[in-house]
Amino acid sequence: MRVPIIAGNWKMNNTISESLRLIDGIKKNKLNEEVEKVVAVPFTNLSEVKKVLEGTDIKLAAQNMHWENKGAYTGEVSPLMLKEIGVDYCIIGHSERRQYFNETDESVNKKIKSALKYNIKPILCVGETLEERENGEEETVVKEQVLKALEGVDKDDVKDMVIAYEPIWAIGTGKTASSDDANHMCGFIRKTVGEKYDKDTKLSIRIQYGGSVKPNTIKELMSKKEIDGALVGGASLVAEDFVKLVNF
Ligand code: PGA
């Protein structure tokens, strides 16, 4: 059985003190123990958030990383640095990074391999634009993103990864994909992974849906067979909403 995974992607929100308040708000509640919970916080807040997560079963994620472990890359953060803080997951290839910071399938692939090498579990983001969906190209685009990201990645490592299907037109727009469309695309990603690897890998990898997930839409999404969790932006910034998402 795949363990459901709900991850909050805070993006560029929350100073350290705001982060601590948000975590405090979340910790005041009883959280579903059968769901894996993750908060993906800005680099500057990782160490402090790690401390206050001590004694909880909430996991910590970074939102990006460089693939090299050190060197002359001004402004970048390495997997070694994340590892020392105790980061469990790292979001890789989020569409905002692809769109605004020139991330390519090649850099995403390097980051995935590097994260796995340092035992940081990647949350790989893939998804099509509105134009691609309107042209009926969503499967072609997503398949290419998945296969390029996984080039040269070992079968045993893939099982630890999470893939988030996030149609770009649904991110931060209030428009979510219908639960059937989201389920279809998550199933399509699973099939793609199965074709590249094997049945076992296909059945173990967890696939999330992301894009305007809210407390009132999570239950329906999570009832779908292929959807193992959600990657949530906006709604993860409010403690009460994040708690509702986790306790769907
Ligand atoms: P959203 O963001 O929930 O605000 O649409 C999702 C994401 O970008 O991961």
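The structure presented is a predicted model; accordingly, all values stated were derived computationally and were not measured. Order of listing sets the numbers, starting from 1, for every ligand and every atom in it.
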Nearest neighbour in protein (non-hydrogen) for atom 3 (O) of ligand 1: G233 N, 2.8 Å
K11-ligand 1 polar pair, N/O distance under 3.5 Å: yes
Any side-chain donor near an acceptor of the partner, Q99 and S95, under 3.5 Å: no
Contact partition for I171 relative to ligand 1, non-hydrogen atoms under 4.0 Å: both
Atom 4 (O) of ligand 1: nearest protein contact (heavy atom, Å): G234 N, 2.9 Å
Test side-chain hydrogen bond (donor to acceptor under 3.5 Å, both in side chains) applied to Y165 and E138, E128, H184, the passing residue: E128
For atom 7 (C) of ligand 1, closest protein heavy-atom neighbour: E166 OE2, 3.1 Å
More than 12 heavy atoms of other groups within 6.0 Å of E240 CD: no
E84, CD: over 12 other non-hydrogen atoms inside 6.0 angstrom: no
Subset of ligand 1 atoms that lie under 4.0 Å from at least one heavy atom of G211: 5 (O)
Donor on one side chain, acceptor on other, N247 and K30, under 3.5 Å: no
K143/E195 salt bridge by N-O under 4.0 Å criterion: yes
Residue G172 vicinity, atoms of ligand 1 by number, heavy atom under 4.0 Å: 1 (P), 4 (O), 5 (O)
Region of A170 that comes within reach of ligand 1 [heavy atoms, distance under 4.0 Å]: backbone
N-O pairing of R98 and D105 below 4.0 Å: yes
Distance-only donor-acceptor check, side chains E137 and T140, under 3.5 Å: no
Shortest reach to atom 8 (O) of ligand 1 by a heavy atom, considering only H94, K175, Q208, Q63: H94
Atoms of ligand 1 close to N9 [distance to a heavy atom under 4.0 angstrom, numbered from 1]: 9 (O)
Numbering as shown, the atoms of ligand 1 that approach S212 to under 4.0 Å (heavy-atom distance): 1 (P), 3 (O), 5 (O)
